[in-house]
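Report on the following structure.
Side-chain atoms are counted along with the backbone in the values below, which use heavy atoms only and exclude waters and symmetry mates. Order of listing sets the numbers, starting from 1, for every ligand and every atom in it.
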Amino acid sequence: MKKPFFVTTPIYYVNGSPHLGHAYTTLAADVIARYRRSLGEEVFFSTGTDEHGMKIQQKAEESGMEPQAFVDSIAKEFQELWGKLNISHTRFIRTTELDHKLAVQKVLQELYDRGAIYKGEYEGLYCVGCEQFKMPGDLADGKCPDHNTVPELLKEEAYLLKMTEVQAELIRRIETGEISLKTERYKTEILSFLKKETLKDISVSRKNVTWGVPLPFDPAHTAYVWVDAFLNYLTVLGWDGDLKSIPEEWPADVQFIGKDILRVHATIWQAMLMHLDIPTSKLLFTHGHILSGGKKMSKTLGNVISTDEMLEKFGVDGTRYLLLSAGNFGDDVDLTPERMIETYNAHLANGLGNLVSRVTKLSEGLRESFSPEVPTSLPEDFQVLLNEYQLADALLYTWKKITEANKYIDEHKPWILVKTDQDAFEVVIKKLLTDLSEMTLLLKPFLPETSEKIEKALKEGKTEPLFQRLV
Ligand code: MSP
């Protein structure tokens with residue numbers, strides 16, 4: 001039996017409500033999961049929430065709630081949003097689940113017993129927003145560029161993970177593609193980082209963070225939140241931390257991550273795996289960020305695009321289409337309210353919606369005698385795009401087919417043919433029905449609800465408008 005296709009998203013911090021960036025990664029993973037299922041493969045699609053650490057401890061305190069109650073309420077928001085966005089995950093994991101915490105402790109004990117972790121002292125500049133130590137070179141004007149805050153200087157007793165020891169082997173695996181970093185630009189970025197200087201051993205424990213998993217060999221410390229979080233990629237499969245029984249799904253076929261969390265994934269996570277003699281990641285696919293009007297979304301700038309507002313305006317499939325078609329998945333993607341409406345109207349309301357309503361109406365008389373041959377497999381060139389995670393290009397591919405079909409109708413004028421040349425009319429309509437069936441198949445992973453509606457419309461011969469034109 002072939003092992004299931006395993007796709008992961010990062011697990012999201014629950015320091016605040018979910019935002020569009022979270023939705024973006026999860027949607028991409030959902031499309032891939034649906035695509036793989038459509039190829040007949042079994043799929044394990046994991047997502048979830050990262051619920052420990054300083055940042056969340058602080059937020060819970062600010063809100064006057066107990067940390068567990070606080071994380072429960074935000075985790076629920078994520079689960080509800082994934083429901084609204086039609087996310088088809090196999091499992092939603094939370095790092096505060098008991099099984100996960102026990103596995104984390106087992107792994108830390110193992111790392112300690114193997115001598116991969118040792119007690120020492122750690123000094124560095126810590127950005128709570130990133131939950132990461134920063135090198136002076138990472139800062140701009142002394143501030144973390146992602147959070148625009150001055151990191152605090154920390155000096156504390158800590159347990160350190162040996163990084164120097166695995167550095168050469170890590171470089172080798174990345175260079176040979178054993179650990180594949182895509183796209184190429186991100187591979188280059190990580191290799192130049194790794195070759196620049198000797199990696200410092202990193203702290204894997206925190207002394208004054210109580211909201212975390214206690215180290216089994218020294219409960220005065222809790223596990224560093226990233227170490228806890230990375231292990232979700234295995235515990236989500238039901239793994240209990242026993243090195244003799246690594247789940248067959250691991251390593252994942254693809255792990256989607258945003259560019260801001262590439263370095264930790266490509267270094268700390270791989271180092272942990274190497275120390276444990278667990279296979280390293282197969283493919284880390286890094287995507288860019290969503291910008292709003294060319295800028296990072298921020299409350300101060302007032303340019304935050306809310307997922308709920310998008311859902312209200314464009315519906316689930318409209319939102320899915322707009323996010324994934326806005327630009328190349330590896331690059332930063334810019335959204336503006338005007339462009340979203342324009343694309344929605346052109347591609348969905350006028351393009352696809354119009355095509356479906358025209359074809360359903362025109363084919364009314366023929367439905368009894370003709371049912372289109374539904375293609376059994378996706379075209380090769382389309383598969384290549386999705387195998388390479390070129391999601392926007394895959395949508396462009398379907399968009400071309402939609403415009404071609406609309407143009408074909410305009411040129412052949414079947415509403416005239418029906419009166420003048422019945423044979424020619426039938427040829428035209430049969431071609432349209434067949435083409436539309438193929439398009440529906442291509443669109444399925446992206447627009448699951450709409451595809452179902454189209455299939456139904458083609459069968460029953462009636463349709464309500466799929467997408468209302470917006471002004
Ligand atoms: N908890 C860690 C990940 C641990 S995975 C073992 C974390 N969480 S996060 O909630 O801050 O971010 C999760 C993901 O959302 C990251 O991949 C990040 O790149 C993505 N995004 C956050 N803002 C984004 C945009 N504006 N646009 C696209 N994705 C962005 O990091």
Note to self: Rounded to the nearest 0.5 Å, what separates atom NZ in Lys187 from atom CG in Leu262?
What the structure shows: 13.0 Å

Checklist line | Shortest protein heavy-atom distance from atom 19 (O) of ligand 1, along with the residue and atom involved | finding: Asp260 OD1, 2.5 Å

Note to self: Considering both backbone and side-chain atoms of Tyr12, is one of its nitrogen or oxygen atoms within less than 3.5 Å of a nitrogen or oxygen in ligand 1?
What the structure shows: no

Notebook entry, point to check: Does the pair Lys200/Glu123 count as a salt bridge with the N-to-O cut at 4.0 Å?
Noted result: no

Next item on the list: Look only at the side chain of Gln57 and the backbone of Pro67, and say whether a donor-acceptor pair between them is shorter than 3.5 Å.
Entry: no

Note to self: How far is atom 26 (N) of ligand 1 from the closest protein heavy atom, and which atom is that?
What the structure shows: Ile290 O, 3.4 Å

Check: Side chain, backbone, both or neither: which part of Trp226 has a heavy atom under 4.0 Å from ligand 1?
Finding: side chain

Note to self: Nearest non-hydrogen contact with atom 1 (N) of ligand 1 belongs to which option: Asp50, Thr9, Val14?
What the structure shows: Asp50

Notebook entry, point to check: Which is closest to atom 10 (O) of ligand 1 by heavy-atom distance: His22, Gln255, Glu51?
Noted result: His22

Check: Tell me, which protein residue and heavy-atom name are nearest atom 3 (C) of ligand 1, and how many Å apart are they?
Finding: Ile11 O, 3.2 Å

Margin query: Would Pro10 count as a polar contact of ligand 1, with the cut-off being nitrogen or oxygen pairs under 3.5 Å?
Written below: no

Next item on the list: For atom 23 (N) of ligand 1, state which one of His19, His287, His289 supplies the nearest heavy atom.
Entry: His19

Note to self: Among Thr235, Thr95, Asp240, which residue satisfies the side-chain hydrogen bond (donor to acceptor under 3.5 Å, both in side chains) criterion with His100?
What the structure shows: Thr235

Check: Which atoms of ligand 1 have any heavy atom of Gly288 under 4.0 Å away?
Finding: 28 (C)

Notebook entry, point to check: Which protein heavy atom lies closest to atom 31 (O) of ligand 1, and at what distance to 0.1 Å?
Noted result: Ile261 CG2, 3.4 Å

Item checked: Heavy atom of the protein closest to atom 6 (C) of ligand 1 (residue, atom name, distance) -> Tyr233 OH, 3.5 Å

Check: Which residue and non-hydrogen atom of the protein lie closest to atom 17 (O) of ligand 1, and at what distance in Å?
Finding: Gly258 N, 2.9 Å

Margin query: Do the side chains of Glu156 and Lys207 get close enough for a salt bridge, i.e. N-O under 4.0 angstrom?
Written below: no

Next item on the list: Would you mind checking if Glu41 and Arg37 are paired as a salt bridge, meaning a charged N to carboxylate O distance below 4.0 Å?
Entry: no

Notebook entry, point to check: Side chains of His52 and Thr96: do they bring a donor and an acceptor to under 3.5 Å?
Noted result: no

Margin query: For a quick check under 3.5 Å, do Arg206 and Thr222 share a side-chain donor-acceptor pair by atom type?
Written below: no

Note to self: How far is atom 24 (C) of ligand 1 from the closest protein heavy atom, and which atom is that?
What the structure shows: Gly21 CA, 3.6 Å

Margin query: When you compare the side chains of Asn387 and Tyr35, does any donor N or O come within less than 3.5 Å of an acceptor on the partner?
Written below: yes

Margin query: Suppose we measure from atom 11 (O) of ligand 1 to each protein heavy atom; which comes out shortest, and what is that distance?
Written below: Tyr13 CD1, 3.3 Å

Checklist line | Ligand-side contact atoms (ligand 1) for residue partner Ala229, heavy atom cut-off under 4.0 Å | finding: 6 (C)

Check: Hey, are Asp50 and Tyr12 close enough side-chain-wise for a donor-acceptor pair under 3.5 Å?
Finding: no

